[in-house]
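Notes to accompany the following structure.
Just so we're on the same page: letters track the sequence lines, and every chain starts at 1. From a predicted model like this one, the values you see are computed outputs, not experimental measurements.
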Amino acid sequence: MAKRVVIVGGGAAGMQTALELKSRGIEPVIVERDIELGGKARGWHKLFPSFTPAGDIMRPLADRIRAERIRCFYGQEVTAISSDGVMLRSGERMPADAVVIATGFTLFDAHRKQEYGYGLYDNVITSVDLERMMNSGKVLLADGSEPRRIAILHCVGSRDEKVCQKHCSKVCCITGVKQAIELKEMFPTADVFNFYMDIRMFGPGYEELYREAQQRYNVHFVRGRISEAAETINKRIQIKAEDTLTGRPLKMTVDMLVLLVGMSANYENEALASTAGLSLAPNGYFKANDSFLGVVRSEREGIFFAGAATAPKSLADTLAEAALTASMVDEYLKNRYNEK
Amino acid sequence: MTFFAPFTIPFIVGGLFMFAVVALKWSLWIVRLPRVDRRLIRHNFFTRETLIAVWEVVRESLLHVRIFRVNPLLGFMHMSLAFGWFLLIVVGWIETTAYLGWQWVPLQGHVFFKYFMPINGIVGDIHLFEHLMDALLLMVLTGVALAWYKRVRSKAMGMRRTTKHVLFDRVALSALWFIFPARLVAESLTAAVHGGGGFLTGSIGHWLQTLLGADVLHSLYEPAWWFYSTALGVFFVAMPFSRYMHIFTEIPLIFLRRWKLHPTAERKSYDRFEVEACSRCGICIDPCQLQADLGMNDTQSVYFLRDRRYNMLSLKVANNCLMCGRCEQQCPVGINLATLRLNSRAKRRNIPHEGRFKYLRGVDHSSGSGRVGYFAGCMTSLTPAVQRSMQHIFSVAGEDVWYADRDGGVCCGRPLMLSGETDAARKMVAYNTDLFRRHEIDVLVTSCPICLKVFRESYRLDGIEVLHHSEYIDRLIASGRIKVQTETRTFAYHDPCELGRGCGIYDEPRRVIGAVGRLLEPRHTRRDALCCGASLANTVIDDGQQQRIAQRMTDELVATNCDTIVTACPLCNKAISRAAGQPTEDIAEIVAKNIIV
Amino acid sequence: MRNLNFGYGISRPRAIDMDNNDLRKSNAIIHEMPELQACIGCGSCTASCTAGGITDFNFRKLHTAVRRGEYRGAYEELNKCMLCGKCRLVCPRGINTRAMVMLIKRKLGDY
Amino acid sequence: MRRTSWQEYQKDIASDKYYYARSCIRQNFFPGSERAFLNILGRDLGIDIFDDPLHTSCTGIGYHSDVVPLETIMTVVARQFSLMAEAGYENFISSCITSFGIYNEVLATWKEFPETEERTRKYLKEATGRDLVKPRSIAHTSDIIFHHREAIARKAKHRLVNSHTGEPLRVVEHIGCHYAKIFPKSGIGGSEFPYVLAGMIETWGGDVVDYPERRHCCGFGFRNYLVQANRGSSVANSHKKLESMAPYKPDFIVANCPGCAMFLDKWQYAIAEMEGMTYGADGRGIPVLTYEEMAGLVLGYDPWELGMQMHQVDVEPLLDKLGVEYSPEAKYLGANGKYIGKPADVAVNCFDRRRIYEIKR
């Protein structure tokens, strides 16, 4: 009889893990809180650094899940985890031979940085809003006109002790570069300014894309973090930053301010971790067993991780890690049941 | 009768020493008072205030009414010690007079009356005074017993922590603890040897008589009186240098205060009265959040006053205070703790450089015009929702508004004052006053309680009414100039320190919230409200510590199970939002959302 | 040495001379408040600065210079600060900037 | 020399038949050096070198100061080349580093933008009736001395060693910026660590001082010096170099650029006046030599014939160290034996003036 593995979370990590497990003859079961699969990547427009439509990656995954007849439970929230199963909010227990935590992350709520006026000013949007706009084919200001001057602010809810988010969300820098290019392609005559503290281009092709944004698209990079934003009489956004490279305060009015919101740990992590006997990293993410060979293993036998449950990750990293998770789970089940 | 015995020497020497030192201290402090203060004394001396002060001395120095309010048992302890001892002295004096008639009896004759007149034959067998004096002794002894008990279990008296004392205090305290048991023993032995004594000393004396032989009693008799006298002498010598100086300081302080003297941003001789009036009872320790949340044990008002009194005040202790006012609220002596703390900070070079803040000249970033001025405050520019809401409210109310700092303003000056640079702050005060005057406003509305306090206390804005926006909105609603709809949300309100304890504004914000939704109160509220930790007054604690204070205080707000936390200060707003992990709303915001246009 | 007027002198080097700058005060400042080292130079303090809106006061540059042992004019420059505390509220590294202003002034000033 | 990277930068240097282009600054401040160069090559080494009275300034200083336009300087350079061809030479050697840079720059420009060469040919023809003939090789005169350093060593009367102790002298070499910083391939050893002077020093027995600011500019920088308001910056550069080399206690400085030699020498006086700071042994200054003077001393030339009395910093202590015979009395006598006057005593003139023969003929 096939061994059963419950995967908590049906995002990119969960789906990829399920497919890999299935191909190894293991029976995966996905428990998803939402009413459909896809997680955060669903509804994303294009992916860095190749501008691949997110749907091209996510849709086939979901299709294959369906084709492989992998069982999925929707609208179900997991309240407790142990190595032999999970407990659902409904009170139902779902037994398993191993559990994979693929719960991902929570987007930082930009309202918490009130000084940027998200939710207050019509033309302050987050990077997620921008993706949705691009998905709908229209990126416009609140009054329906086209933006001519856009500011993109990096590190909103990342590397900021004032909102208790001390970590780097890793993907925002490259997202900011990608979105700047997309905006420039959409509005070639518009000026796009990226305000950053540090530019972290860690992935393949990222630095090249950064350079392309600078050179080919003439995106302006200003080294300084915006400290406050205010709305002008005609609904434009006046921002203040220090241009740290010239050492002078900088004030400018833009049509649109895009906040690159970071990745926060899920609020529920703490409760889940305590039921499973796991510990959390200081930033609230699940703590992997170690940083090298045990990145997808937890401190408990039979509980594994996939994707951004352990740290902010790009989609590419998540998908690669999910395959590793499946192989680790496979190895674990083999060892365990051969011994018996 | 000479009323002299060798054992009285420690008492006489100690007593003379104490009175000399106290007299010297008083006269020095009075002589050094600034001319303004001396004029106030002259002016108010022959007024009703003096009589009120007498009554207050009775209430506070003897009966300790304010401590009763903190905890009845603690109050009784202080009262039995102070008032009991006082009565012992007074009744003792009457007793002597009753027995000896009107004749001069030296002090030791009163105090050691039992020794000199062991059996009294005048009033006969009634022993009225003996019983009375025994009753009073019992009262004081109860106080001593409670004091011992407090050392062991302070919680029983409503105090989680008691004061750590300096050497003089320990000497004086030990002597004090011995005085009354020693008196009990000495008088009981006297009763045993000579007979007499009240219900207490007489009974113990009788019991001792049956227990010990006459030889033993006689050999213990003199040493017991020696011990009693020595305990008194030691206490008297240590007293002016210990916390017990408060006994003789609080009395003139009460008078001076009634005569309208008060501490100021500059140190002066009057401060001495306040500083030495501190009995180091330690009541200020528990309300301090630096103690409760951060475990800091050296910076509370009691330690600050102690350090300042003994000239060992460090800059760190002076600066390490949120100035939330929670301790001042509870101080039984009513010491102006915040002001004293403030003028201790002014130690650094405070003479502003001629050119300092010269750049303010000619600056005017204000816009709009109207009889109402709106000064958002520096911090409010980081909570733009407040500014927008106020603008919305102004426009619905049809108010013409002059915006003082919509495009960046000049600081109100209070942050500089809080760090001791009072003279430099004056340049800001002058600048803003001039700005307000130039734009001819009648009402000044501010969204920042820090600004509000300084506008009210340190600015001379005669003719301009200064309001916090919660007061202003309350008036708009009351007068019907704006109408708000009620929504279903529940709101927990946090009292900002500077607005509540600082300016006494508690009801207006609550009325405004009540008009919009249902108001919930956290455990500590109004006068007892906790500080958010973000106070500008404290420059010692770091970010993490600020966060811990905010967390504890926010937890209480969250515990109300409210839908939304509301406050009325941009600093509190930031601190609570951070601790709660979600945005906090300002009073102006909830009003603007529910205003009927 | 005669007092010849050349009409010019030897220009002071613009370089921050970390070899010859006296870093004792700088070290003392950092020793007292090590959190200053956590600055990532984002400029939020300067951007939000109330005094910076009116004058050329730049706290980020100033404390960086002080850390490098460039004390000349720092005290006078810091006197432009109104201590309003906005910078502390926006600092992503949670640095107690107000205390820092006071500390640097205390270490460099003559009081 | 510990560094060997110079070997990666080599260039072809002709061995004979040179057309000599003089330097404006050099002719004024170090006239003896140019004379010595001609003598060393022509008289001592028997090499054919032509000193053409017809050539003019290259106008480089004017060009770098935005006074002379590009077209003008190109035409001037083209004329020099034509003069060389007319004289029957094809190896152009320039005494000045600025000129050397100009010649290289103009040739490179002609190569990259042929239309400029065409225009220049036209202008040259119109202005002078001459035709442009480009040189076969171009070199700086220090390259030439470097090229013949072994031959000079063979004829040496003195070596760059302390004649009393036998220790090699510590020599600071300074390369003009335009020698190789514009075109690294144009210099021996490239732009970072040119070997042209170091090679001479090592061959003749001295030790090269490798100090931190070795590659820094002397501060001449044309507009830095030419505009009085900028001179503070000019002197600051020399100051920085002197401060940096001082701990190595160099016996002398040698430079291959006329401006550098002049400024490193004369600024020592200015710095002494401004700050009271003097360098060198006993604080009496570090002598600054041109490479021709250095070669001349090695070959046993009379120092006054080399024009070393024109230096700001007295060279006598160095001569004593080298064991060079000289007549103190003759120092301020001109070539015709007439007294030419002497400078006032200043901090960096260390030599005992009483030894100087006070005659006015």
Practice item. Verify side-chain contact (heavy atoms from CB on, under 4.5 Å) between B/Asp543 and C/Ile95, making sure each step is shown before the conclusion. Key: CA-CA 7 Å; B/Asp543 194 55; C/Ile95 296 169; over 6 Å; no

**Study point:** Chi angles and distances behind the side-chain contact (heavy atoms from CB on, under 4.5 Å) call for C/Met102, B/Asn319
**Key:** CA-CA 11 Å; C/Met102 286 157 66; B/Asn319 282 338; 4.2 Å; yes

Practice item. Decide side-chain contact (heavy atoms from CB on, under 4.5 Å) for B/Glu421 and C/Met82; before the verdict, give the C-alpha distance in whole Å, the side-chain angles of both, and the deciding distance to 0.1 Å. Key: CA-CA 10 Å; B/Glu421 297 185 68; C/Met82 308 191 203; over 6 Å; no

Exercise for review: Please test B/Leu571 against C/Leu89 for side-chain contact (heavy atoms from CB on, under 4.5 Å), starting from the C-alpha separation and ending with a verdict.
Suggested key: CA-CA 8 Å; B/Leu571 265 175; C/Leu89 220 51; 3.7 Å; yes

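Pairing each heavy atom of B/Arg356 with each of C/Asn79, the nearest pair is NE-O, 2.8 Å. Nearest heavy atom pair, residue C/Lys80 against residue B/Phe357, reads O-CE2, 3.4 Å.
Within 6.0 Å of CZ on B/Arg437 lie more than 12 heavy atoms contributed by other residues, nucleotides or ligands. Taking a 6.0 Å sphere around CZ of B/Arg361, one finds it holds 12 or fewer heavy atoms contributed by other residues, nucleotides or ligands.
A distance of 6.0 Å separates CD1 of C/Ile54 from OH of B/Tyr431, quoted to the nearest 0.5 Å. Atom CG of B/Leu536 is separated from atom NZ of C/Lys86 by 13.0 Å, given to the nearest 0.5 angstrom. Expressed to the nearest 0.5 Å, how far CZ of B/Arg414 lies from CG of C/Leu83 amounts to 13.5 Å.
For a residue to count as touching a neighbouring chain, one of its non-hydrogen atoms must lie under 4.5 Å from one of that chain's; by this rule B/Gln547 does not touch chain C. Contacts of C/Cys91 with chain B are absent, with no heavy-atom separation under 4.5 Å from either backbone or side chain. Both the backbone and the side chain of B/Leu416 come within contact range of chain C, with heavy atoms under 4.5 Å apart. The part of B/Asn538 that comes within reach of chain C is its backbone (N, CA, C, O), which places non-hydrogen atoms under 4.5 angstrom from that chain. Heavy atoms of C/Arg88 lying under 4.5 Å from chain B belong exclusively to its side chain.
Checked by atom type and distance alone, the side chain of C/Arg98 pairs as donor or acceptor with a backbone atom of B/Pro415 at under 3.5 Å.
Between B/Leu315 and C/Arg106 the shortest side-chain heavy-atom distance falls below 4.5 Å.
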